[in-house]
Protein chains: 2
Amino acid sequence: MHLQGAYGNVPYTVKQYRTNSGISAVANTCTRMETLSSQRPTMLDVAALAGVGLTTVSRVVNGKRGVSETTAARVRAAIEQLDYRHDVQASSLRRLDRKTATIGLVLEDVANPFMSALHRAVEDSARERGMLVFAGSCDEDGGREREFIGALRARRVDGMIVVPAAPDHSYLLPELRVGTPVVFVDRPPRFLDADSVTADDRGGTFMAVSHLVAGGHARIAYLGADQGIATAEERFRGYRDGLAAHGLDVDPTIVRLGLRSIEDAERAAAELLADGRRPTALLSGQNYFTVGAYRALREHDVLRRVALVGFDDFPLAELLDPPVTVVAHDPVELGLAAARLLFRRLDGDRSPSERIVCPVHLVPRGSGETPPKTG
Amino acid sequence: MHLQGAYGNVPYTVKQYRTNSGISAVANTCTRMETLSSQRPTMLDVAALAGVGLTTVSRVVNGKRGVSETTAARVRAAIEQLDYRHDVQASSLRRLDRKTATIGLVLEDVANPFMSALHRAVEDSARERGMLVFAGSCDEDGGREREFIGALRARRVDGMIVVPAAPDHSYLLPELRVGTPVVFVDRPPRFLDADSVTADDRGGTFMAVSHLVAGGHARIAYLGADQGIATAEERFRGYRDGLAAHGLDVDPTIVRLGLRSIEDAERAAAELLADGRRPTALLSGQNYFTVGAYRALREHDVLRRVALVGFDDFPLAELLDPPVTVVAHDPVELGLAAARLLFRRLDGDRSPSERIVCPVHLVPRGSGETPPKTG
DNA sequence: ATGAAAGCGCTAACAT
DNA sequence: ATGTTAGCGCTTTCAT
């Protein structure tokens, strides 16, 4: 028991604590002169106050066995009294597995309802394991993705869940090799063999086209994003394949790709509707585009004359009048699956990379069941 | 220059690199025997490969002056070649200011559209300064708030932005004292003197009541959350004060507090509408409750007979039919103001704590302009 | 059951 | 302009 002077052979500025039992003890290294009150207590402070060694405090904090219950209680009391907080950064620096109990989540946009629902699912999974998540938005910008992932690397996250934006992910190879698992979600990685959880994009638009054709439509327009985005490409493929499967041709004049925003989609839909030979149905490749298309339909007062089916469900879709028919995949399902996969890797699973594909569902609500009308 | 053997008096396992100029150098401490290939390169590896000292690498990485351009270029090449990534955790451990370039963001729910818009605003502000943000959800649970903030403390975040859930924040006092700034947003802290950015909640509901009264309404119901939540209390106060200001009494039978979800609100609104002496207008204290109320109105087929005004704007409010009149405050504005305040504190501002109140706006869209009808 | 000492990757003070 | 050394707060190894 060290009552005064120095701890080990490290020189300390003496600081006295008074414990319940009236024992006083020494604490806090203080080479630089600063007001002690503004310093955070360290394990050494706790050790001194509890009258035990540094290692014992470490054992208690990490819940390791080999400490008597009485000692542990004293340590816990000291922690409480000093408002001590373990430093996971310093801890991870020295620990063998270098784990930081932190994961990175690379999203398209944390404020997109689909992405934020996915975020919440990942957060909940992480919390169960006492892990925190760094989330960030890339806005479909590959450069920002690299930048953000670089920042995650610099913080030594234990793993990452990524909605990819970049056209090439081979730059992540060293990271994977060093043992940091990366799970791709919503879209598969490019030029990299890694785990992924995606939705059946092609199947979704195929299903949507079939639904519209079954409803009598033969002139179906398409609103899609840049074909550089894997999801967008697959969805467009489903549209083409769907038409082909029903013996219909793709009419390039009613296909609008490369859209980026609600406004883009609204403009594109407005153009299509203004045309003399306008489509009898609109198929939108993404939640935001569906909203834009809906606005255009309302603006042109053809809400119940031109059908609309959207990919991705969105909040309030069922409250609109008419409610919006969508092809939906559950972001929570994607997020949970991705997290499960990531944690399995963190737990040491080294089996070949997996490609999980979640099914999509058609949710008929009204807007997609409008029969075709001409003029 | 060290060509072989040991670096300083630290024993190393020798590892040879060949540089462009043909100089070979030593690297990588390796006490534990592990395959070197699976190790992350450290500054020492970079230093060895570039044929310079450790400090020089540190200087280059941190962009400090005092390194010749030729040396810097050699170092950068080595960094590139080894795919070296700076370890901010280790860096922060040793650096004087202990900064981690990380902030914590404590939200009610990352998936709530209001919260995720705020999140995005904070993220964008943080990115400008090269900082990352830990976001998490507390679901109005004070215990979860403390738990999450504890995890943030353990990761030594530089500062926090908090949408408070707990009934008492004095537990954050040691954190503030140790120099970690905390800015409260959307709601003020309780039992703690700290910065806050809030909306004019009382003024908002007061305005809403006045608007409805001006439209001829005298029987206005209220749907609100638990009065333990500061925002909820202020909004309810604005409702009462608004009625009083127009000589109207609060009728407790048409006030429903303590709601927690869309479903709660839908049920409460349905009850109010089923009653013989039903209100002519509904005032909702929160975005989710507005959605619930809207559903109930539609269910009872009184969408254009009973008026509805909601607090908080929400996506697609203007797309509904009738579009929803709301009292809105901008989450982006709140987020940006909170971030600005936090960064000012991080830059050393020690002036007395600030209480910023953002104005709210009435956005008449239709649902709130329905004239009162009886029966 | 407990403690002393070494050292994780880095920055800062002090050389030169 | 560059290098050497100490040590940030912690975990681990090896004592006892």
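Since the model is a prediction, treat every value here as computed from it, not as a measurement. Computed over heavy atoms, backbone and side chain alike; hydrogens, waters and symmetry mates excluded. So that the names make sense, note that chain A is the first sequence line, chain B the second, and so on, each numbered from 1.
In this structure, of dT11(D), dT2(C), dT2(D), it is dT2(D) that holds the atom nearest to the side chain of Thr56(B). Counting only heavy atoms from C-beta on, Val67(B) has its side chain closest to dT2(D) among dT2(D), dG9(D), dT11(C). Comparing atom distances between the Thr42(A) side chain and each of dT11(C), dG9(C), dC10(D) picks out dC10(D) as nearest. Relative to the side chain of His86(B), the nucleotides dC10(C), dT5(D), dG9(D) differ in distance, and dC10(C) lies closest. Picking from dC10(C), dG9(D), dG3(C) the nucleotide with the shortest atom distance to the side chain of Thr55(A) gives dG3(C).
Residue contacts for Ser92(B): at a heavy-atom cut-off of 4.0 Å it reaches no nucleic acid atom on any strand shown. Among the protein residues, Lys64(B) comes within range of the sugar-phosphate backbone only, with heavy atoms under 4.0 Å from sugar or phosphate atoms but none that close to a base.
The distance between atom CZ of Arg156(A) and atom C1' of dG9(C), rounded to the nearest whole Å, is 9 Å. Going from atom CG of Leu93(A) over to atom P of dT11(D) covers 11 Å, rounded to whole Å. Summarising the geometry, the separation between CG on Leu54(A) and C1' on dA6(C) is reported as 12 Å, rounded to the nearest angstrom. Across the protein-nucleic acid pair, Leu96(B) atom CG and dG9(D) atom C1' stand 15 Å apart, rounded to whole Å. Nucleotide dT12(D) holds its P atom 12 Å from the CZ atom of Arg98(A), rounded to whole Å. Residue Asp87(A) contributes atom CG, which lies 9 Å from atom P of dT11(D) at whole-angstrom precision. In this structure, the CZ atom of Arg59(A) is 10 Å from the C1' atom of dT11(D), given to the nearest Å. Rounded to a whole Å, the CG atom of Leu44(B) is 13 Å from the P atom of dT5(D).
In terms of polar N and O atoms assigned as donor or acceptor, the side chain of Thr71(A) never comes within less than 3.5 Å of the base of dA1(C) in a complementary pairing. The base of dG9(C) does not come close enough to the side chain of Arg40(B) for any donor and acceptor atom to sit less than 3.5 Å apart.
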message = Working note: Thr100(B) + Arg155(B), criterion side chain to side chain donor-acceptor pair (under 3.5 Å); need CA distance, chi angles, decisive distance, verdict.
response = CA-CA 9 Å; Thr100(B) 54; Arg155(B) 278 157 187 87; over 6 Å; no

task = Under the salt bridge (charged side-chain N to carboxylate O under 4.0 Å, His left out) rule, what do Lys99(A) and Asp97(A) come out as? Steps first, then yes or no, please.
result = CA-CA 5 Å; Lys99(A) 288 286 187 281; Asp97(A) 60 14; 5.6 Å; no

Worked verdict on Ser68(B) versus Thr71(B) for side chain to side chain donor-acceptor pair (under 3.5 Å) = CA-CA 5 Å; Ser68(B) 72; Thr71(B) 316; 2.5 Å; yes

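Two residues, Ala90(B) and Ser68(B), neighbour DNA chain D, and the one matched to the more 5' nucleotide by heavy-atom proximity is Ser68(B). In terms of position on DNA chain D, the residue among Arg95(B) and Thr70(B) whose nearest nucleotide sits closer to the 5' end is Thr70(B).
For Asp349(B) (side chain) and Ser351(B) (main-chain N/O), a donor-acceptor pair under 3.5 Å exists by modelled atom type.
Note on ring orientation: taking the six-membered ring where Trp is involved, the planes of His119(B) and His119(A) are tilted (angle from 30° to 60°).
For Ser58(A), a side-chain nitrogen or oxygen approaches OP1 or OP2 of dT11(D) to under 4.0 Å. Between Ser91(B) and the phosphate of dT11(C), there is a side-chain N or O to OP1/OP2 separation shorter than 4.0 Å.
A donor atom on one side chain and an acceptor atom on the other are not found under 3.5 Å apart for Asp195(A) and Ser353(A).
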